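One structure is given below, encoded as structure tokens.
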Amino acid sequence: AQASSLERDIISGSLFAFGLLLVVVAIYFRGLRSVPLVLVPLMVAVLTALAVAWLIYGELNLVSAFIFAVTLGLGIDFGTHILARYRDERRRGLAHKEAIAVTVATTGVSTAGGALSTALAFVLLVVAEFRGFSEFGVIGGLGIMVAYLAALIVLPALAMVLERALPWRVPAPLAVPPPAPVAASARPPLLALGTVVVCAALAVVGALALPKIGFEYNLGKLGPPDRTTPEERKKAEEYRDAVGRTQSTEPTVILTEDREQTRAVHRQLQAILDLEPEQVAELTKLEPYPDTPRKPKPAPKPAPPPRPVDDQEDEEEEEDVEPDDPAFVRLAELVARRGAIDPDVRGELERYPPERLREMDDLLNGVLSIYTFIPAQQDEKLAVIRDIRQRIDKKRGSLSDADREKLKSWEKYLQVDKPVTVDDLPQWVKVQFTDMQGQLGRFVATWQRGPKSEYTHAARIRAAFDTIDTPTGAAPSAGSFYVAPEVIDTIKGDGPLVMGAVFGVLVATALIMFRSLYGTLIVLATVGSALMWLAALFVSLGWTLNLFNLVALPLLVGMGQDDSLHIIHRY
């Protein structure tokens with residue numbers, strides 16, 4: 001449902017953007033002629049970018065799927081600037097060839113600077129380890145450059161074709177005398193100075209607000225809205241009540257090399273699952289978390305009511321009570337000595353750092369592997385089973401017919417006489433633990449408590465269960481919810497690197513275009529101020545950065561520089 005909703009949103013959003021561009025272009029140029037002149041080159045760029053994405057990657061990902069709308073919004077700048085300059089030159093009285101020449105020689109240069117800076121802002125996303133950003137950067141950078149080239153080549157060609165069929169109305173050139181030179185004032189105009197002061201003050205406010213901008217770590221809040229019906233939600237609640245609300249359907253899977261390692265992992269995790277608070281404190285020398293759910297302890301059986309002394313004497317006379325068998329005395333001592341944890345497993349658990357073992361105890365909620373179906377301490381249990389069989393055989397002749405019938409219903413369970421192995425398990429069990437390579441029993445499924453879509457909790461689980469140490473080596477774990485902390489940690493590392501590189505491109509592009517520090521500083525101050533204003537807006541509206549809007553930051557630098565370059569170059 002979420003995937004379908006996202007697909008619908010992308011398609012509807014892209015179509016809305018396309019329709020809005022049609023309206024904006026027609027209104028700005030006050031005519032329908034401009035619509036094909038601007039949008040045909042733009043569609044060339046968009047379809048080329050999508051075709052290259054299909055050739056290189058074969059598919060779009062969660063981030064690059066927005067490339068259609070993004071390329072439309074960014075690529076239209078080039079066609080709009082070039083067509084507007086061409087229109088102005090035609091209105092000045094120039095023929096269409098001369099108008100195109102002037103447009104390419106002037107606006108074409110500033111547009112090239114803007115296209116290069118924006119495309120490089122895209123391409124710099126390639127350094128990000130997160131594949132969503134890197135693929136988005138490649139496709140977006142290519143789309144921007146193709147949009148620029150199409151505006152520079154396809155648009156003039158279309159304009160010349162349309163000029164033949166529908167000539168542009170050119171007014172007679174006006175004989176306007178050149179303006180008289182104006183002496184430069186020693187003092188800047190008050191309006192300009194006031195504007196600079198206000199803008200700088202707002203930029204300072206935004207800079208102070210930067211530390212207050214949070215990051216949305218709960219990826220579940222970024223998905224589409226819940227469109228389930230009340231009946232569906234009711235069924236879901238009933239299902240959760242039936243299977244248990246702490247049990248997640250999303251497991252963490254421990255990947256093992258062989259069955260021996262699977263057995264070691266299963267024994268460790270099952271032992272952790274069975275730990276009592278005092279045992280956790282003994283193993284870790286730390287107080288266990290007080291709200292960790294525990295298995296309910298069986299209620300003690302009530303003591304039988306005392307019987308009269310005469311009845312006790314009669315029973316002692318009727319029954320010949322046998323002394324305790326030494327073998328079973330030894331078994332009782334073994335159970336008491338082992339307790340809930342096998343000594344070997346206890347030694348393996350003690351190798352974990354105390355804090356990590358306490359985290360594992362707090363988070364673990366369920367364990368399932370092929371060894372869930374293999375009993376523990378089988379030799380001891382087989383000795384008990386054999387003893388039960390012998391006692392029944394001795395008493396069989398004195399049992400009533402009714403008791404013999406009762407025996408038949410469960411006596412079959414006493415027929416086992418040798419340890420049960422994995423190979424002895426029925427096929428319906430084996431098929432559940434056979435992997436895609438046909439190997440049996442090479443994984444352990446575990447379940448942990450808490451919301452997996454929340455970054456901090458998913459990171460806790462990953463840190464606690466990343467690898468399970470066994471005598472034969474470490475067994476790594478995998479979980480679909482590991483993606484969230486991996487992506488966010490990667491973004492935290494990539495973000496400063498990408499933004500630093502983008503500002504480096506901004507400075508280099510401005511220096512190349514203006515060949516002076518003057519224009520470069522104006523561009524840098526303009527773009528930097530805009531980003532600081534955005535920071536102040538984020539804080540005032542209570543917005544946070546997230547996985548999707550973060551990719552807009554380097555693009556805002558490229559687009560902001562594009563606008564600045566055009567205005568300063570034209571000035």
Side-chain angles (χ1 to χ4, degrees), residues 2-3 5-6 9-10 57 59-67 70 121-140 209-226 248-253 355-356 359-360 362-363 446-467 476-503 531 534-535 537-539 541-557:
Q2 288 183 340
S5 177
L6 182 62
D9 290 345
I10 291 173
Y57 304 114
E59 60 187 7
L60 298 175
N61 60 51
L62 193 62
V63 179
S64 63
F66 295 94
I67 196 64
V70 171
F122 269 104
V123 172
L124 285 173
L125 291 173
V126 174
V127 303
E129 292 184 21
F130 178 41
R131 206 184 82 186
F133 288 174
S134 60
E135 292 183 5
F136 180 75
V138 171
I139 301 170
L210 272 177
K212 300 178 183 178
I213 298 178
F215 193 92
E216 181 54 73
Y217 289 108
N218 190 347
L219 300 187
K221 295 182 179 179
L222 304 180
D226 185 6
S248 168
T249 57
E250 203 166 8
T252 304
V253 180
E355 293 81 3
R356 182 183 173 191
E359 286 285 285
M360 295 169 77
D362 182 56
L363 294 169
T446 69
W447 287 266
Q448 287 77 22
R449 303 179 184 90
K452 309 299 188 301
S453 61
E454 209 279 319
Y455 164 78
T456 53
H457 194 79
R460 273 186 72 198
I461 296 174
R462 187 182 63 169
F465 296 92
D466 187 36
T467 56
S477 69
S480 60
F481 57 89
Y482 281 13
V483 175
E486 189 74 29
V487 167
I488 292 174
D489 290 345
T490 302
I491 290 173
K492 285 181 176 179
D494 292 341
L497 176 64
V498 172
M499 289 302 294
V502 167
F503 271 98
L531 290 179
L534 183 64
L537 191 64
F538 257 69
V539 173
L541 295 177
W543 293 350
T544 58
L545 291 172
N546 60 55
L547 179 63
F548 295 101
N549 64 25
L550 197 65
V551 74
L553 294 181
L555 304 185
L556 287 174
V557 175

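Owing to the predicted nature of the structure, the values given are computational and were not obtained by experimental measurement.
The two atoms that bring Ser477 and Thr252 nearest to each other are CB-CG2, 3.9 Å, heavy atoms only. Between Leu531 and Phe503, the shortest heavy-atom distance links the atoms CD1-CZ, 3.6 Å. Listed here is the closest heavy atom pair of Ile213 and Val539: CG1-CG2, 3.8 Å. What you find for Ala458 and Phe481 is that their closest heavy atoms are CB-O, 3.8 Å. Between Arg356 and Asp466, the shortest heavy-atom contact is NH2-N, 4.1 Å. The heavy-atom pair separating Ala121 from Val502 by the smallest distance is CA-CG2, 4.1 Å.
Using a distance-only test at 3.5 Å, with no hydrogens or angles considered, no donor-acceptor pair links the side chain of Thr544 to the main chain of Gly214. Without hydrogens or angle criteria, Ser134 side chain to Leu125 main chain gives no donor-acceptor distance under 3.5 Å. Between the side chain of Asn549 and the backbone N or O of Asn546 there is at least one donor-acceptor pair closer than 3.5 Å.
Residue Ile488 holds its CD1 atom at 11.5 Å from CG of Leu545, rounded to the nearest 0.5 Å. One finds the CZ atom of Phe465 at 6.0 Å from the OG1 atom of Thr446 (value rounded to the nearest 0.5 Å). Distance check: Lys452 NZ to Ile461 CD1 gives 4.5 Å after rounding to the nearest 0.5 Å. In this structure, the separation between CD1 on Ile139 and CG on Leu60 is 5.5 Å, given to the nearest 0.5 Å. The line from CZ of Arg449 to CZ of Arg460 is 10.5 Å long, rounded to the nearest 0.5 Å.
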Would Asp489 and Arg462 count as a side-chain contact (heavy atoms from CB on, under 4.5 Å) if you check the C-alpha gap in whole Å, the side-chain angles of each, and the deciding distance to 0.1 Å? CA-CA 13 Å; Asp489 290 345; Arg462 187 182 63 169; 3.0 Å; yes
Between Gln448 and His457, is the side-chain contact (heavy atoms from CB on, under 4.5 Å) condition met? List the steps. CA-CA 10 Å; Gln448 287 77 22; His457 194 79; 5.7 Å; no
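Using a 30° and 60° split on the angle between ring planes, Trp543 and Phe538 fall in the perpendicular class, above 60°.
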